[in-house]
Number of protein chains: 2
Amino acid sequence: MTKHATARPRSGAGIDVGVITTIALDLFNDSGYDGTSMEQIASRLGVTKAAIYYHVPGGKEEILHHAIRRVMDPLWLSLQEPPAVDGTAFERLTHVLGRQVELILHGMPAIAYFLHPKAHHPLSSEVRARRRSYDGAVQSVLDAAIAEGAIRRDVDARLMLRLVVGMIYSMNEWYQPDGRLTVDEIRDGVLDLLLTGVTRRSTPS
Amino acid sequence: MTKHATARPRSGAGIDVGVITTIALDLFNDSGYDGTSMEQIASRLGVTKAAIYYHVPGGKEEILHHAIRRVMDPLWLSLQEPPAVDGTAFERLTHVLGRQVELILHGMPAIAYFLHPKAHHPLSSEVRARRRSYDGAVQSVLDAAIAEGAIRRDVDARLMLRLVVGMIYSMNEWYQPDGRLTVDEIRDGVLDLLLTGVTRRSTPS
DNA sequence: CTCTCCTTACCGACTGGTCAGTAAAATCTA
DNA sequence: TAGATTTTACTGACCAGTCGGTAAGGAGAG
């Protein structure tokens, strides 16, 4: 009567790996990978821990693998969108950074955990590698924008990139979907701040 | 001769709580609070796990408490330094942010872990409370600088603060003391970038 | 009868923490 | 100064609890 007498009826369906990934991602984001137990994931799915191993033989690490792909792939795809490959380097840069803000804000609440390059969980090398090559792509756009003359030369380019993406990723620490500001407002504010700084422009509008 | 055959000689000595804190801070920063075991801490100290409980009866949580104080106190103290209370709001702001950069860079490699407001370890409410009031103090300086006319009004002040401190805190993810750039260079770069943005100034030098 | 999908029941490893016991140093005593 | 006693600082064994993971078997569908 308790709903899990012995086995489950229902037809061919079964637990979808995508659903497992979604739930795991949510829990990872709240409590971290190590802080999330397979039992918690199973509990949210409404099944027993062992049932997960039927669909995900690789266990927790395989779930992490799925979660990483889920999180990182859209970031990669954003690099191939037309505005990310056409136009001036400056235009491409603003597009890529803007998409980065959007992707982090809505859509996936779980980016933060994986992008923290410290900590040595399993697969962390994969995460690091993926992020490194993504950051490398963004760096080359930034470099092009500097060569183009749109971006200042007097601050180290690598430092600049790290600070810029650091600011963007840090939004994960406070953003809540039901907050005061909309995603668009935040994105515009971030880009504006990054481009022109916090000081009041000497030329009045 | 291994120095810890059975018991330790010399009185007064013993394991210093400060040393325990330093080691724990380092491990916490690498693997997180939950990811660090008492045995790891003990191992680095060259003693048994139980020995730690002699000096720190409160166990792991008490060590965390010490670590939090170690990390947060200098940040607090920086708010009381003369340049943080005298001068224009803009000057105070740049001083406070510059000190923040310095404190995060050299001195303590372990700030990052505690400043991540997610995750629910014990004492996390204390961490959050401390950070909230520190951030609140910085926010009021920023607000004053806006009222003063030195900082732009067209970007939400709370968003601005979060982005600014987010950028600064994010340095923990990549900074290494033996890197290419010196602390001073980084601090100047960060402040410059925050104040005037990444775009090239229209007025050439 | 078989195949899919799940549950029950369990294992070994590891966690934070406790406890009795002990060598050496400090202090007290004569 | 020599001996007795107490304190300091620690060890090794151990506990209850939790973890990821596995083996075996049962219920329902075709």
Side-chain angles (χ1 to χ4, degrees), chain A residues 1-21 23-25 27-28 30-67 119-124, chain B residues 1-21 23-25 27-28 30-67 119-124:
Chain A
M1 247 304 181
T2 50
K3 127 182 147 203
H4 55 81
T6 41
R8 283 274 303 284
R10 287 280 82 183
S11 65
I15 308 171
D16 185 30
V17 180
V19 176
I20 298 177
T21 306
I23 288 173
L25 216 32
L27 289 168
F28 288 168
D30 276 359
S31 320
Y33 176 75
D34 291 324
T36 301
S37 69
M38 292 295 276
E39 220 136 60
Q40 285 174 40
I41 299 174
S43 166
R44 280 231 201 162
L45 280 164
V47 296
T48 358
K49 191 177 50 163
I52 295 178
Y53 287 86
Y54 180 79
H55 301 278
V56 186
K60 207 180 180 184
E61 275 197 32
E62 188 181 332
I63 293 177
L64 177 57
H65 183 79
H66 286 305
H120 331 277
H121 359 83
L123 296 188
S124 71
Chain B
M1 245 308 177
T2 47
K3 136 182 140 198
H4 58 82
T6 41
R8 285 276 303 285
R10 289 276 81 182
S11 75
I15 307 169
D16 185 29
V17 180
V19 176
I20 298 177
T21 306
I23 288 174
L25 217 30
L27 289 167
F28 288 168
D30 276 359
S31 320
Y33 176 76
D34 291 324
T36 302
S37 71
M38 293 294 277
E39 219 136 61
Q40 285 174 41
I41 299 174
S43 166
R44 279 231 202 163
L45 280 163
V47 296
T48 333
K49 192 177 46 163
I52 296 177
Y53 287 86
Y54 180 81
H55 300 278
V56 187
K60 209 180 179 184
E61 275 197 32
E62 188 180 332
I63 293 177
L64 177 58
H65 183 80
H66 287 304
H120 333 276
H121 2 81
L123 295 188
S124 70

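Naming: A, B, ... by sequence-line order, numbering from 1 per chain.
- A distance of 5.0 Å separates CD1 of B/Ile41 from CZ of B/Phe28, quoted to the nearest 0.5 Å.
- With sequence neighbours excluded, no residue satisfies side-chain contact (heavy atoms from CB on, under 4.5 Å) with B/Ser43.
- Atom OH in A/Tyr54 sits roughly 17 Å away from atom P in D/dG26 (whole-Å rounding).
- Atom P of nucleotide C/dC5 and atom NE2 of A/His55 are separated by 6 Å, given to the nearest angstrom.
- Comparing A/Gln40 and B/Thr48, the nucleotide of DNA chain D nearest to each residue sits closer to the 5' end for B/Thr48.
- Regarding B/Ile63, its CD1 atom lies at a distance of 15 Å from the P atom of C/dT15, rounded to whole Å.
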Atom pairs under 3.5 Å, N or O on each side, protein against nucleotides 16-20 of chain C: can you list them with distances?
{"residue": "C/dG16", "atom": "OP1", "partner": "B/Thr36", "partner atom": "O", "Å": "3.0"}
{"residue": "C/dG16", "atom": "OP1", "partner": "B/Lys60", "partner atom": "NZ", "Å": "2.7"}
{"residue": "C/dG16", "atom": "OP2", "partner": "B/Met38", "partner atom": "N", "Å": "2.9"}
{"residue": "C/dG16", "atom": "N7", "partner": "B/Lys49", "partner atom": "NZ", "Å": "3.2"}
{"residue": "C/dG17", "atom": "OP2", "partner": "B/Tyr53", "partner atom": "OH", "Å": "2.8"}
{"residue": "C/dG17", "atom": "OP2", "partner": "B/Lys60", "partner atom": "N", "Å": "3.0"}
{"residue": "C/dG17", "atom": "O5'", "partner": "B/Tyr53", "partner atom": "OH", "Å": "3.3"}
{"residue": "C/dG17", "atom": "N7", "partner": "B/Lys49", "partner atom": "NZ", "Å": "2.9"}
{"residue": "C/dG17", "atom": "O6", "partner": "B/Lys49", "partner atom": "NZ", "Å": "2.3"}

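- Of all non-hydrogen atoms in A/Ile20 and A/His55, the two that sit nearest each other are CD1-CB, 4.3 Å.
- The list of salt bridge (Lys or Arg N to Asp or Glu O under 4.0 Å) pairs with a residue in residues 41-55 of chain B, not counting sequence neighbours, reads B/Asp26-B/Arg44.
- Interatomic distance, A/His66 NE2 to A/Glu62 CD, rounded to the nearest 0.5 Å: 4.0 Å.
- Scored by the side-chain contact (heavy atoms from CB on, under 4.5 Å) test, B/Thr48 finds no partners at all (sequence neighbours excluded).
- In this structure, the CG atom of A/Asp16 is 14 Å from the C1' atom of C/dC5, given to the nearest Å.
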